[in-house]
Amino acid sequence: MKNLKMPNFLNTRLGFFGLLTVLLWAKNIAAYLTEFNLGIESPIQYFILFINPIATTLLLLSIALYVRRKKLSYTTMMIIYLIMTILLFANITYYREFTDFITINTMLGAGKVAEGLGQSALKLFHPTDVFYFLDFVLLTIALMTKTIKMEEKPVRARMALAVSTLAIMVFSGNLFLAETDRTGLLTRTFSRDYLVKYLGINAFTAYDAVQTYKTTQVRAEASPNDMKEVEDYVKGHYAAPNDDMFGIAKGKNVIYIHLESTQQFLIDYKLKDENGVEHEVMPFVNSLYHDKSTYSFDNFFHQVKAGKTSDAETLLETSLFGLNQGAFFTQFGGKNTFEAAPDILKQTQDYTTAVFHGNSGNFWNRNEVYKRFGYDYFFDASYYDVNEDNSFQYGLHDKPFFQQSAQYLERLQQPFYAKFIAVSNHYPYAEFTNDDAGFPMANTPDETINGYFATANYLDKSVEEFFNYLKESGLYENSVIVLYGDHYGVSNGRNRNLAELVGKSSSTWNDYDNAQMQRVPYMIHIPGQENGGINHTYGAQIDAVPTLLHLLGVDTSNYIQLGQDLFSKDHQQMAVFRDGSFMTPEYTYYGGTLYSNETKLPITEPSEELQAKIDELQKEATTQLEMSDKVNNGDLLRFHTNSGLEPIDPNDYSYKNIKERLINLENELGDKSTSVYSQHNDQSTVDMYQSKSYQEYNPTITEETTNSEE
Ligand code: GP9
Ligand code: MN
């Protein structure tokens with residue numbers, strides 16, 4: 001090596017620093033292109049990906065530039081270089097097995113991961129991995145043999161500072177671009193993929209370290225005494241089940257259908273097209289809504305903020321709130337102890353529990369959270385045939401999603417609790433460009449609103465097809481089907497443009513109207529029941545768990561649930577919003593203003609009596625939220641040892657090879673197997689599933705459009 005002539009700049013400290021920066025950047029890019037699947041969708045995302053390793057690499061390596069002594073400076077630089085390489089490589093190997101990135105918590109429990117991997121760990125290494133470390137070895141030799149000479153003269157402090165500042169500026173630029181492309185990246189923290197995709201591995205790890213530190217602090221301070229306080233509140237707030245309703249669905253399967261971004265105003269809504277012809281947006285869901293076997297609610301509110309879908313899941317399955325900032329799933333969901341509905345049903349009624357969702361499993365950290373909710377199985381995107389034509393940025397479209405789910409659903413042992421998370425009716429409500437196009441667009445200045453009705457209509461059809469399958473396969477009769485809207489589809493900022501479409505005027509639109517728009521559908525369909533109907537009681541997502549569990553005949557008095565059974569005679573009619581606003585049959589308190597529901601006007605000078613009443617309601621709202629935050633932030637349920645539930649060990653759960661495992665179970669159970677597949681004499685029911693495009697359902701429209709195009 002001695003005879004090798006290195007370019008002169010490599011013999012300077014800055015030159016060597018430059019070389020290491022470029023090499024690390026190249027390794028990151030290589031990993032992005034060959035190892036990680038980050039779902040890059042646009043040129044701008046490619047650009048962000050391309051630049052995102054630069055800032056943190058510059059910043060960290062620049063530490064060595066402040067060290068004046070020659071050997072120490074070079075050693076520092078090489079050590080930082082090695083650490084960053086190891087971090088990258090560790091993520092690569094981890095990703096090969098788990099399709100996810102390493103969190104600080106994973107690092108702390110690394111022993112467990114390695115144990116779990118056992119023999120297969122070796123398989124995670126590829127021969128080409130040598131290249132990730134070869135440069136380090138060669139550079140070390142080059143330095144030791146003086147092939148690359150170490151520069152005696154230290155880098156001037158001003159220069160070092162300039163490099164660090166440059167790094168920070170690049171990072172700000174990177175962050176700005178990232179936020180522009182994905183609003184709420186840091187506040188909503190959708191998934192680890194997103195952070196890596198937009199900010200790189202180093203920044204992700206740093207972010208995760210800060211979050212982990214924060215949560216560890218709060219958890220360390222929490223004590224069993226805090227649990228006692230919550231327990232007392234929950235006992236006092238408990239609403240006993242209604243005798244007429246308790247257990248009416250005992251032993252039935254539960255099928256949850258998550259209606260993405262569906263607001264109550266879409267129920268019975270008809271959209272006028274440009275010729276004044278009315279088109280019913282959700283005819284099938286409407287038919288369920290009015291069905292005598294459905295217990296429908298028209299004053300049911302969502303309670304989420306930034307955590308949106310995931311916080312709705314938290315509310316609907318744990319009867320606790322999500323967070324006021326960020327998403328509960330990503331911040332605490334992977335760590336906390338829960339008393340979630342699937343787990344309760346599994347442990348007390350022997351239910352099989354499963355989630356179906358056509359997006360990648362680590363979105364919203366679901367892979368981790370579901371284990372702690374007690375979900376036996378999670379069919380994420382990897383279980384579906386997802387391609388460019390049948391999917392969009394949030395995953396598989398609803399029609400193929402429900403259809404492809406049948407092959408797994410038919411294998412579940414009954415009774416089961418299965419949740420289906422639809423997604424097509426998701427912002428930005430883009431117009432279909434295939435045969436599913438055809439439902440009219442609304443005509444407002446806001447594209448988002450215009451597309452909302454067509455995607456909702458698509459969702460409606462998907463649900464109808466799924467119901468048809470449930471009936472054909474025989475599952476229907478033996479199931480309770482719950483449909484719920486997770487949150488608004490049209491945000492408050494857009495509501496003025498929606499005003500005319502809902503029979504209001506945009507000029508008088510105010511926060512009172514915004515508050516009313518937070519209603520979402522909640523329907524419990526119980527085939528065989530005849531005394532359903534539209535219930536006007538005021539309630540919210542937090543009430544779903546006790547309501548459902550009581551219908552299934554489960555006593556909830558031992559669990560920590562903040563909601564109340566909607567059918568209970570003690571049910572307090574109130575919906576608390578995540579920001580402390582609230583809604584009752586008489587009053588709307590929203591955006592800091594109190595309104596009378598009767599006059600729809602602000603109450604500016606409340607009587608003393610009314611003020612006292614409002615103060616009380618406000619106190620109730622804040623207490624509910626405080627109790628929830630206490631439990632969630634402090635992970636208090638770990639202290640709740642008298643629930644009767646066995647603690648969950650997430651390591652007992654795996655979401656791999658589910659179908660094989662279900663088939664093995666069927667075989668093991670033999671005659672005792674209760675899956676639909678077994679009930680059909682080991683014949684699959686997937687052929688019973690019928691799915692068609694909008695154009696196929698509306699052939700005349702197709703003709704008209706083709707004619708008019710000619
Ligand atoms: C994606 C989905 C969307 O998996 O559930 O979440 P959202 O953006 O509605 O919170
Ligand atoms: Mn959602």
Side-chain angles (χ1 to χ4, degrees), residues 96-100 112-113 115-124 251-256 340-358 360-362 366-386 396 401-421 469-470 472-475 478-479 646-689:
R96 284 178 189 153
E97 176 65 15
F98 300 102
T99 352
D100 201 353
K112 274 223 175 87
V113 178
E115 221 172 83
L117 283 173
Q119 285 283 332
S120 63
L122 272 183
K123 290 204 193 105
L124 297 179
K252 289 201 178 227
N253 299 319
V254 176
I255 300 180
Y256 250 114
D343 183 39
I344 294 174
L345 286 171
K346 195 162 78 137
Q347 293 203 35
T348 66
Q349 318 283 308
D350 213 13
Y351 272 60
T352 305
T353 51
V355 192
F356 299 75
H357 183 47
S360 85
N362 41 35
R366 285 181 170 116
N367 263 336
E368 288 304 319
V369 184
Y370 287 160
K371 294 176 184 168
R372 289 157 178 87
F373 276 15
Y375 271 116
D376 297 319
Y377 310 112
F378 173 25
F379 300 93
D380 72 351
S382 65
Y383 284 90
Y384 295 85
D385 173 15
V386 186
L396 183 61
F401 162 64
F402 282 111
Q403 178 166 28
Q404 289 183 38
S405 297
Q407 60 184 310
Y408 306 119
L409 182 62
E410 67 176 6
R411 298 285 186 168
L412 295 184
Q413 294 298 317
Q414 303 186 63
F416 56 69
Y417 173 101
K419 169 160 83 166
F420 292 82
I421 307 177
Y469 163 77
L470 293 176
E472 282 286 312
S473 64
L475 273 171
N478 203 25
S479 303
E646 287 294 317
I648 287 181
D649 180 355
N651 294 312
D652 294 344
Y653 292 75
S654 153
Y655 297 143
K656 298 207 148 182
N657 309 319
I658 302 179
K659 191 161 179 188
E660 289 79 348
R661 282 158 50 203
L662 287 171
I663 294 175
N664 286 343
L665 187 61
E666 260 169 9
N667 293 337
E668 257 168 51
L669 290 168
D671 287 352
K672 294 204 180 69
S673 168
T674 53
S675 70
V676 171
Y677 186 89
S678 302
Q679 288 176 346
H680 281 78
N681 300 319
D682 294 349
Q683 296 283 315
S684 175
T685 59
V686 297
D687 289 344
M688 295 173 177
Y689 207 109

S.K.: Are the aromatic rings of Tyr408 and Tyr383 close, with centres under 6.0 Å apart?
M.R.: yes
S.K.: How long is the gap from CG on Asn367 to CG on Asp380, to the nearest 0.5 Å?
M.R.: 6.0 Å
S.K.: For residues 366-378, pull every pair meeting salt bridge (charged side-chain N to carboxylate O under 4.0 Å, His left out), keeping only residues two or more places apart or in separate chains.
M.R.: Glu313-Arg366, Lys346-Asp376, Glu368-Lys371, Glu368-Arg372
S.K.: Quick one: pull up OH in Tyr689 and CG in Leu470 and give me the separation to the nearest 0.5 Å.
M.R.: 7.5 Å
S.K.: For a side-chain contact (heavy atoms from CB on, under 4.5 Å) check, start with the C-alpha distance between Val254 and Tyr351, then their side-chain angles and the critical distance, and finish with the verdict.
M.R.: CA-CA 9 Å; Val254 176; Tyr351 272 60; 4.2 Å; yes
S.K.: Phe356 and ring-ring contact (aromatic ring centres under 6.0 Å, His included): which single residue from Tyr377, Phe379, Phe378 fits?
M.R.: Phe379
S.K.: Give a yes or no answer on whether the side chain of Asn681 reaches the backbone of Gln683 with a donor-acceptor pair at less than 3.5 Å.
M.R.: no
S.K.: Output the distance between atom CD1 (Ile648) and atom CD (Glu646), rounded to the nearest 0.5 Å.
M.R.: 10.5 Å
S.K.: How about Tyr417 and Gln349: do any of their side-chain heavy atoms sit closer than 4.5 Å?
M.R.: no
S.K.: If only atom types and distance count, is the side chain of Ser673 paired as donor or acceptor with the main-chain N or O of Leu669 below 3.5 Å?
M.R.: no
S.K.: Measure from the side-chain N and O atoms of Thr353 to the backbone N and O of Gly374, and report whether any donor-acceptor pair falls under 3.5 Å.
M.R.: yes
S.K.: Give every residue pair that meets the salt bridge (charged side-chain N to carboxylate O under 4.0 Å, His left out) criterion with at least one member in residues 666-682, sequence neighbours excluded.
M.R.: Arg411-Glu666
S.K.: Using modelled atom types and a 3.5 Å cut-off, is there a donor and acceptor pairing between side-chain atoms of Tyr469 and backbone atoms of Val686?
M.R.: no
S.K.: Identify, with sequence neighbours excluded, every residue that meets side chain to side chain donor-acceptor pair (under 3.5 Å) alongside Gln347.
M.R.: Asp343
S.K.: Drop me the distance from Asn253's CG to Leu412's CG, to the nearest 0.5 angstrom.
M.R.: 8.5 Å
S.K.: Please check if atom CG in Asp649 has more than 12 non-hydrogen atoms from other residues, nucleotides or ligands closer than 6.0 Å.
M.R.: yes
S.K.: Step through the shown structure and confirm whether more than 12 heavy atoms of other residues, nucleotides or ligands are within 6.0 Å of CD on Glu660.
M.R.: yes
S.K.: To the closest 0.5 Å, what do you measure between OG1 (Thr674) and CG (Asn478)?
M.R.: 9.5 Å
S.K.: Glu410 side chain to Thr685 main-chain N or O, any donor-acceptor pair under 3.5 Å?
M.R.: yes
S.K.: Aromatic rings Tyr384 and Phe401: how do their planes relate, parallel, tilted or perpendicular, breaks at 30° and 60°?
M.R.: tilted
S.K.: Quick one: CG on Leu409 to CD on Gln414, what's the gap to the nearest 0.5 Å?
M.R.: 8.5 Å
